[in-house]
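Written out below as structure tokens is the structure these notes cover.
This chain uses plain numbering: 1 for the first residue, then up along the sequence. The shown structure was predicted, so the numbers you read here are calculated from the model rather than taken from an experiment.
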Amino acid sequence: MKSSSMLRGAQTMLPVLLGIIPFAMITGITAINTGVSPGMTMFMSLFIFAGAAQLAVLQLIHTGASSLVILYTAIIINFRFMIYSLSIAPYFKKEPFGWKVLLSHLMTDQSYAMSLAHFINDPDENPRWFYLGASLIMWAVWQTFTIAGILLGAVIPSHLGLDFAIPLTFIAVLMKSVNDIPVVIAVVTGGVVAVVAAPIPMNGGLVLAAISGIAAGALAEHFGKPKVEEAAHHD
């Protein structure tokens, strides 16, 4: 049961790994090109394990930003993981504290989205082992190709254009989660607010976009339920 759930989790992640590979390589390449040591780069990959935050931190280090600005930026970018955790937490409420800590550390956008979609469609799945399988394959691929990026950093310039895969990966994950009208409203609202609020200093637009998207989706679900239930009652 455990091994089969882990295998299903790993298999679920296979479609998005093609986008993770260049993402990880870009992180390693960028680190070397900005003067960050290989040891520090791998420390970030192992203990931060958050691609978008790692890239932002590397860029800020390169520009000589203060430690406070670097810390604030990383927290703001990773704020979304708190929202993810709140939505997926019911599936892990019976897990011991140690397991919750491990699974939260391994969380990525991709493992969260793909696992949550699977749990909704298959309520009989074992959440712990499925999520662990999905997360571990992401972790292993990320570390492996970050190392590859470090090794190739002196050969492949960071401006080669591999970064096109980063937004494609997030788009692929997003499409997997868009399955009803409230989610569409949340996605559109969050996207519009993110673009409009981009000039807000210190990446404040990201937080505003996340809150706006959640609020819009929640309102759409709240006001949509009575109509759905009324229509079902009449049928």
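In the hydrophobic cluster analysis, where Ile, Leu, Val, Met, Phe, Trp and Tyr join through side-chain heavy atoms closer than 4.5 angstrom, Leu14 is grouped together with Met6. Residues Val101 and Leu103 do not share a hydrophobic cluster, defined by chaining ILVMFWY side chains whose heavy atoms lie under 4.5 Å apart. A single hydrophobic cluster is not seen to contain both Ile75 and Val57; linkage of ILVMFWY side chains at heavy-atom distances under 4.5 Å, directly or through other members, places them apart. Under a hydrophobic-cluster definition in which Ile, Leu, Val, Met, Phe, Trp and Tyr are linked whenever side-chain heavy atoms come within less than 4.5 Å, directly or via other members, Val193 and Val195 are assigned to different clusters. Cluster annotation: Phe47 is connected to Leu106 through the hydrophobic network of ILVMFWY side chains, with a link wherever side-chain heavy atoms come within less than 4.5 Å.
With a 4.5 Å cut-off on side-chain heavy atoms, Asp122 and Phe130 do not count as touching. In this structure, Met107 and Ile88 have side chains that are in contact, with non-hydrogen atoms separated by less than 4.5 Å. With a 4.5 Å cut-off on side-chain heavy atoms, Ser85 and Lys100 do not count as touching. Using a 4.5 Å heavy-atom threshold, the side chains of Arg80 and Asp109 count as touching. Counting only heavy atoms from C-beta outward, the side chains of Trp142 and Thr27 approach each other to under 4.5 Å. Inter-residue side-chain proximity for Trp139 and Thr108 is flagged as unmet; no heavy-atom pair is nearer than 4.5 Å.
From Gln54, atom CD reaches atom CE of Met44 across 5.0 Å, with rounding to the nearest 0.5 Å. Atom OG1 of Thr41 sits about 11.0 Å away from atom CG of Leu46, to the nearest 0.5 Å.
Tyr131 and Tyr91 have their aromatic ring centers separated by at least 6.0 angstrom. Aromatic rings from Tyr112 and Phe81 are positioned such that their centres are separated by 6.0 Å or more.
Formation of a donor-acceptor pair under 3.5 Å by the Gln143 side chain with backbone atoms of Ser45 is found in this model. Checked by atom type and distance alone, the side chain of Asn121 pairs as donor or acceptor with a backbone atom of Ala117 at under 3.5 Å.
Across Glu125 and Ser5, no two heavy atoms sit closer than the pair OE2-OG, 2.8 Å. Nearest heavy-atom pair, Ser87 versus Pro90, reported as atom, atom and distance to 0.1 Å: O-CD, 3.5 Å. Shown here for Asn78 and Ala50, the closest heavy-atom pair between the two residues is OD1-CB, 3.6 Å. Shown here for Ile185 and Ala220, the closest heavy-atom pair between the two residues is CD1-CB, 3.5 Å. Shortest non-hydrogen contact noted between Leu18 and Pro22 is O-CD, 3.0 Å. Scanning all heavy atoms of the two residues, the minimum distance from Ala209 to Gly190 falls at CB-O, 3.4 Å.
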